*Asks:* 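Structure incoming, see below.
Proteins get letters first, then strands, A, B, ... in listed order; numbering begins at 1 in each. Because the structure is predicted, anything quoted here is derived from the model rather than measured.
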Amino acid sequence: MPTIYYLILSFALFLIGTTGVLLRRNALIVLMAIELQLNGGNLALIAFSRQLGDLKGHVFAFLIIALAAAEAAVGLAILVGLFRGRQTVNLDEITLMKR
Amino acid sequence: MTFNLRLIPLLPFLGAAILMLFGRKWSRDTVVAVAAGAIAGSCLVALDAFFTALPLAAPTGGLRDSVGTWIAAGPLKIDLAFRLDGLSGLLCLIITFIGFLIHIYSSGYMEHDPDYPRFFAYLNLFCGSMLVLVLGDSLPVMFIGWEGVGLCSYLLIGFWYKETANANAGKKAFIVNRIGDFGFLIGMFLLYQYAGTLNFQEINATATAGGVLTQPLWGATVAFWAALFLFVGATGKSAQIPLYVWLPDAMAGPTPVSALIHAATMVTAGVYMVARTHAVYLLAPGALAIVTAVGAATALFAAVIGFAQNDFKKVLAYSTVSQLGFMFVGVGTGNFEGGIFHLFTHAFFKAGLFLCAGSVMHAMSGSGDITIMGGLRKKLPWTHGVFVVCWLAICGVVFSGFLSKDSIIAGAMSAEGAMQDFAWVGRAAGIVLSVAALGTAFYMSRLYFLVFSGESRASDEIKHHIHESPGSMVGPLVVLAIGAGLGGLIGLPGGLFEHADWNLLDRELSPVLGAEVEVSHMTEIAVMVGATLLALLGIGLAWLFYGGGYREPSRKFAAAVPKLVKLAQDKFRIDELYQFLIVRPIKRIAQAIYFVVDRILIDKILVGVPVAAVDFFGRLSRSVQGNGDGQRYMAVFALGAAGVLYFATRPMAPDALKVTVSGLGVDVDARRGNKAAPEALEYSYDFDDGGKPEVSGAGPTAHHTYAQAGSYTIRVDVKDTHWNTSTSVKQKVTVR
Amino acid sequence: MSVLFPDGASAGDVVVFWILAAMVAFFAVFTITRKNPVTAVMSLVATFFGLAAMYATLSAHFLAVLQVLVYAGAITVLFIFVVMILNREEVTPLSFRPLRVLGVLAGVYLFVKFVDVVAVGMPTVVPATPSDTFGTVAAVGDLLFRDFLYPFEAISILLLVAIVGGVVISRSHQKEVAANLAADYRKQVHELASHDYPGAAEEPAPEGHH
């Protein structure tokens with residue numbers, strides 16, 4: 001399929017992820033939506049990589065996957081710590097910057 | 001001729017600066033050494049200039065030292081320059097020499113004071129400022145010194161500022177002086193406007209040439225008003241009616257300060273200034289009359305107040321006011337040399353009197369109340385001796401005061417030359433001064449008898465501590481007594497003895513001030529005899545009332561007219577009058593302004609409104625930016641990105657079309673600015689705004705000819721083919 | 001029709017693409033709209049699988065496997081763990097606050113603009129099928145360990161830091177809190193002991209820890 005289809009799909013995936021980030025109250029779901037966004041980016045990279053026949057896109061995507069893993073780990077750790085303190089993961093309630 | 005005149009004020013300024021920076025770390029001896037050394041250095045330079053360099057330069061206006069151009073604003077050019085001629089040189093010597101003596105005196109008097117270095121720093125600062133005042137070559141430079149001595153007066157009067165009364169006295173001095181300074185400034189402006197210069201030489205030359213300054217102005221001449229306003233400044237600085245009220249309060253300062261500033265130097269600045277601008281005064285006999293009248297009135301008024309004062313220094317303060325009145329009568333009757341002569345002798349004997357006061361107060365454990373003094377001649381022999389010399393000098397019986405006072409009264413009697421139509425004012429003043437001289441003799445003798453004669457009326461505790469002052473205090477006293485005694489010799493009226501050249505003062509001053517007043521021999525001798533008789537009468541009366549303590553006649557008198565005595569003691573309630581007439585209304589106005597302007601206008605409106613605005617916008621931006629809601633940030637982020645895209649991809653269309661009409665045809669230019677349109681833009685022109693573009697897909701300019709004349713609206717759509725965005729611009733056009 | 005079936009693409013490719021695309025999109029939307037977090041995680045896994053398959057069709061074999069291993073494997077497991085710790089259902093999953101809706105709409109605008117502008121001008125040719133060694137482990141590994149060695153090592157360190165950070169953040173603070181309290185108490189006692197009595201100094205007010 002022409003690359004543009006993949007690009008549109010990747011943008012759509014990114015958009016869905018953004019919607020999830022902006023509109024969900026549960027912090028856990030928000031983190032999942034962030035993963036969706038990253039995957040959208042990966043898809044675009046790989047599509048271009050195939051079109052140009054250049055493996056650099058793959059390398060970049062690889063690094064992004066590794067990065068996403070690290071970020072998910074740390075983010076979840078923070079979330080757990082936040083939950084311990086505030087007993088909630090509802091983002092509407094966790095808006096105070098200083099206790 | 002030039003000479004390093006700048007050293008004369010510079011050395012004391014340096015001394016002051018050094019003492020202010022380092023004085024606190026040094027020992028007392030070092031501090032005195034620096035301060036007295038600075039002023040002594042000044043004295044030596046002044047002596048050198050006066051006796052070696054001046055005689056050569058005198059005919060050409062004296063020595064001049066210009067440090068540089070101070071103000072150069074359009075036609076106004078003022079140099080920071082100093083001039084030493086007979087007049088300013090004489091004053092320099094007085095200031096530096098008596099200043100030096102007082103520095104030595106202070107080293108003993110202020111020995112126990114913790115603020116020792118500050119005192120000497122201020123003293124040096126004062127001397128420097130006074131020297132600038134005296135040496136100034138032009139009115140602004142003199143004004144620098146004028147203000148400087150005002151400042152130092154404030155600092156030194158309020159030296160012991162921890163007592164509110166002292167601080168208030170300092171404030172009063174400064175504020176009253178300021179009122180006078182306003183007059184000085186007006187006078188200065190008038191002179192500049194009409195004479196075009198502020199330099200003394202040039203002003204006096206212009207005045208002598210006449211013409212410019214005798215123009216009519218406001219009902220009188222320019223010279224009259226300039227002289228009058230300058231004199232207002234002088235009344236402030238030299239404590240004449242109506243601005244004398246600060247001087248008695250100024251006695252709150254340390255006694256050496258009173259001696260230096262309020263006897264010998266600062267208060268004489270007014271007299272000096274009149275003498276400096278004498279040519280202007282000579283052009284306005286009316287002004288001279290006013291000066292004379294004020295001087296005479298002040299002399300008498302202050303003397304009467306002095307009759308009833310019970311504080312040693314207050315008596316001397318009113319005496320100073322009175323003697324300054326004498327000096328002003330001198331210069332007011334055109335007898336400038338006489339006024340300066342009295343200034344010179346007064347400096348010595350009044351400073352001597354004040355230092356004696358310090359010595360006496362030192363002995364009486366700090367009290368200046370003469371009602372508890374008495375019999376001090378036995379315990380304070382040196383002080384007593386010096387006091388006698390100065391007392392006789394001020395009474396005008398013998399020694400220097402005799403000669404200077406007589407020269408003034410004689411001059412007043414013969415003032416036709418200067419005062420012309422107002423010569424009667426001079427004669428009246430002469431008579432008033434004679435009465436004032438009687439009064440002077442009376443109150444000074446009262447002071448002498450109550451303090452030194454008879455038996456002590458003090459408590460045992462105080463009596464126990466009475467002792468003569470240390471050498472550092474007595475030494476200067478003796479030197480001043482010598483000056484008071486013999487100083488008059490420089491102004492010996494040699495004319496009487498057919499030896500006009502015996503008058504040294506005249507030799508120095510006449511190049512500057514013009515020839516001395518012609519006084520007939522008859523007048524002179526008559527005045528001498530008459531004044532001496534009056535002085536003896538005054539001493540006699542005082543002895544009658546107070547010889548050896550409070551005697552019967554004084555008590556009977558006090559019992560007979562108690563109200564009068566009280567009134568005189570209360571200084572005729574002038575201070576209270578000023579308070580009622582001037583100070584209270586001003587305070588009320590200030591309070592009203594405070595309430596309206598400060599509280600309401602500034603605090604509520606000018607401050608409150610911006611504060612509320614900042615608060616509002618802060619809240620607004622905080623709610624958008626800083627409320628901790630991460631998702632909100634991301635939403636704004638997305639909005640921002642969309643916004644950037646939108647605005648960045650809009651095609652470049654002008655705000656208004658450039659339409660040129662020629663007959664029925666129009667040329668439309670839809671470029672933005674004058675640059676060539678980018679290639680990706682497509683223009684379509686709708687010349688009658690009917691929805692259908694006549695020309696599409698074209699370039700930035702188009703031409704159209706209308707079928708009919710009328711008003712049309714041209715709409716241009718600009719499309720960016722790359723980004724697929726478009727805008728449109730409309731313009732009305734009228735075609736004939 | 002030529003949009004759905006572009007020229008030059010074989011029928012099989014097209015069908016596979018559309019099925020996978022629909023699956024990915026559907027499950028993505030599903031993820032963000034579930035009330036139950038477990039369901040959300042499951043649909044996320046489905047999305048990942050779909051993406052992995054798509055990578056495979058794009059000859060990105062290494063990455064496809066990596067996607068399954070890391071994303072659908074490790075990261076999903078992480079999410080499951082945390083879901084288990086804080087399993088709460090929400091009453092109303094989506095919060096339609098005005099500003100956020102605007103944000104979403106801005107995103108949609110950007111998408112539309114993208115399609116409008118970019119898609120219009122892009123060439124719609126199917127790229128040539130890459131060689132068999134394209135996207136294999138060996139090929140990507142070769143690039144990683146040669147030209148991109150520095151980023152590779154850097155990302156390793158990043159992972160290390162993330163591990164350490166994760167551990168630090170999720171440490172139990174109970175011991176620390178207790179230690180702080182004990183230190184405060186000891187300080188108070190010391191201060192009281194070092195003042196002279198009677199009535200020499202006020203007692204220091206006990207400070208609440210923040």
*Asks:* With a 4.5 angstrom heavy-atom cut-off, which part of A:T18 approaches chain C: side chain, backbone, both or neither?
*Replies:*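 When you check distances to chain C, no heavy atom of A:T18 falls under 4.5 Å.
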*Asks:* Below 4.5 Å, heavy atoms only, C-beta onward: do A:I8 and C:F114 meet side chain to side chain?
*Replies:*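 Sidechains of C:F114 and A:I8: in contact.
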*Asks:* With a 4.5 angstrom heavy-atom cut-off, could you sort out which part of C:F79 is near chain A: side chain, backbone, both or neither?
*Replies:*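 The answer is both parts of C:F79.
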*Asks:* What part of C:F81 is in contact with chain A, defined as an atom under 4.5 angstrom from a non-hydrogen atom: side chain, backbone, both or neither?
*Replies:*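 Neither part.
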*Asks:* Side chain from CB out, backbone as N, CA, C, O: work out which of these in C:A28 comes under 4.5 Å of a heavy atom of chain A, or both, or neither.
*Replies:*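 Both backbone and side chain.
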*Asks:* Taking every heavy-atom pair that is under 4.5 Å apart, which of A:L31, A:V74, A:V30, A:L15 has the most such pairs with chain C?
*Replies:*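 It is A:L15.
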*Asks:* Would you say C:T57 and A:Y6 make side-chain contact, with heavy atoms under 4.5 Å?
*Replies:*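 A side-chain contact exists here, since the closest heavy-atom pair is under 4.5 Å.
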*Asks:* Checking heavy atoms, do the side chain of C:L99, its backbone, both or neither come under 4.5 Å from chain A?
*Replies:*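 Neither; nothing under 4.5 Å.
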*Asks:* Does atom NZ of A:K56 have more than 12 heavy-atom neighbours from other groups under 6.0 Å away?
*Replies:*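 Incorrect, the count does not exceed 12.
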*Asks:* Working to the nearest 0.5 Å, report the span between OG1 of C:T31 and CD1 of A:I29.
*Replies:*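 Reported value, rounded in 0.5 Å steps: 8.0 Å.
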*Asks:* So how far is it from C:L143 CG to A:F60 CZ, rounded to the nearest 0.5 Å?
*Replies:*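 Output value for this atom pair is 13.0 Å.
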*Asks:* Chain A heavy atoms under 4.5 Å from C:P151: which part of the residue, side chain, backbone, both or neither?
*Replies:*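 Both the backbone and the side chain of C:P151 come within 4.5 Å of chain A.
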*Asks:* For the candidates A:G57, A:A47, A:A69, which exhibits the highest count of non-hydrogen atom pairs separated by less than 4.5 Å from chain C?
*Replies:*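 With the most close heavy-atom pairs to chain C, the winner is A:A69.
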*Asks:* At a heavy-atom separation under 4.5 Å, does A:E71 approach chain C through its side chain, its backbone, both, or neither?
*Replies:*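 Neither the backbone nor the side chain of A:E71 comes within 4.5 Å of chain C.
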*Asks:* With rounding to the nearest 0.5 Å, note down the distance linking CG in C:L44 to CD in A:E35.
*Replies:*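 Spacing of CG (C:L44) from CD (A:E35) equals 7.5 Å.
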*Asks:* Side chains of A:H58 and C:F62: does their closest heavy-atom pair fall under 4.5 Å?
*Replies:*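 The answer is no, as the side chains (C-beta and beyond) never meet within the 4.5 Å cut-off.
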*Asks:* In Å, rounded to the nearest 0.5 Å, how long is the span from CG of C:L63 to CD1 of A:I65?
*Replies:*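 That separation rounds to 4.5 Å.
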*Asks:* Less than 4.5 Å to any heavy atom of chain A: does that hold for the side chain of C:L51, its backbone, both, or neither?
*Replies:*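 Only the side chain of C:L51 comes within 4.5 Å of chain A.
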*Asks:* Side chain, backbone, both or neither: which part of A:L52 has a non-hydrogen atom closer than 4.5 Å to chain C?
*Replies:*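 Neither part; nothing is under 4.5 Å.
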*Asks:* Under 4.5 Å heavy-atom distance to chain A, tell me which part of C:T47 shows up: side chain, backbone, both or neither.
*Replies:*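 Looking at C:T47, just its side chain touches chain A.
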*Asks:* Just how far is it from atom CD1 of C:I169 to atom CD1 of A:I78, taken to the nearest 0.5 Å?
*Replies:*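 Here the rounded value is 4.0 Å.
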*Asks:* Give me the atom names and distance for the closest heavy-atom approach of C:P127 to A:P2.
*Replies:*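 So the two residues come closest at CD-CA, 4.2 Å.
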*Asks:* Does the side chain of A:L9 come within less than 4.5 Å of C:M54's, by heavy atoms?
*Replies:*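 Yes. Closest side-chain heavy atoms under 4.5 Å.
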*Asks:* At a heavy-atom distance under 4.5 Å, which candidate from C:G166, C:P130, C:G107 has the highest pair count against chain A?
*Replies:*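 Among the listed options, the one with the most contacts to chain A is C:G107.
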*Asks:* Determine whether C:V82 and A:F83 satisfy the following criterion, side-chain contact (heavy atoms from CB on, under 4.5 Å), listing intermediate values before the conclusion.
*Replies:* CA-CA 10 Å; C:V82 178; A:F83 178 70; over 6 Å; no
*Asks:* Checking C:L78 against chain A: side chain, backbone, both or neither under 4.5 Å from a heavy atom?
*Replies:*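 For C:L78, backbone and side chain are both near chain A.
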*Asks:* Where do A:I16 and C:A25 come nearest, in terms of heavy atoms and distance?
*Replies:*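 The answer is CD1-O, 4.1 Å.
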*Asks:* Is the A:F62 to C:F148 ring centre distance short of 6.0 Å?
*Replies:*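 No.
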*Asks:* Taking the side chain as C-beta and beyond, is there a heavy-atom pair between A:N42 and C:Y55 under 4.5 Å?
*Replies:*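 Side-chain contact under 4.5 Å: yes.
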*Asks:* Please classify the contact of A:L13 with chain C as side chain, backbone, both or neither, using a heavy-atom distance under 4.5 Å.
*Replies:*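 Side chain only.
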*Asks:* Under 4.5 Å from any heavy atom of chain A, what part of C:V41 do you find: side chain, backbone, both or neither?
*Replies:*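 It is both, since atoms from each part get that close.
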*Asks:* Going through the checks in order, is the side-chain contact (heavy atoms from CB on, under 4.5 Å) test met by C:I32 and A:V21?
*Replies:* CA-CA 9 Å; C:I32 67 165; A:V21 166; over 6 Å; no
*Asks:* Let's test your reading of the structure: which of A:L63, A:L43, A:N39 forms the most heavy-atom pairs below 4.5 Å with chain C?
*Replies:*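 Among A:L63, A:L43, A:N39, the one with the most close pairs to chain C is A:N39.
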*Asks:* Taking all heavy atoms of A:A66 and all of C:L159, pick out the closest pair and write down the distance.
*Replies:*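 Closest pair (atom of A:A66, atom of C:L159, distance): O-CD2, 3.7 Å.
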*Asks:* A:R24 side chain to C:R34 main-chain N or O, any donor-acceptor pair under 3.5 Å?
*Replies:*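 Yes, the answer is positive, given that a donor and an acceptor are paired below the 3.5 Å cut-off.
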*Asks:* Using heavy-atom distances under 4.5 Å, tell me whether C:V167 contacts chain A through its side chain, its backbone, both, or neither.
*Replies:*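 The answer is neither part of C:V167.
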*Asks:* What is the minimum heavy-atom distance between A:A68 and C:Y71, and which atoms define it?
*Replies:*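 Heavy-atom minimum between the residues: CB-OH, 3.1 Å.
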*Asks:* So for C:V29, is it side chain, backbone, both, or neither that comes closer than 4.5 Å to the heavy atoms of chain A?
*Replies:*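 Answer is both: backbone and side chain atoms of C:V29 are under 4.5 Å from chain A.
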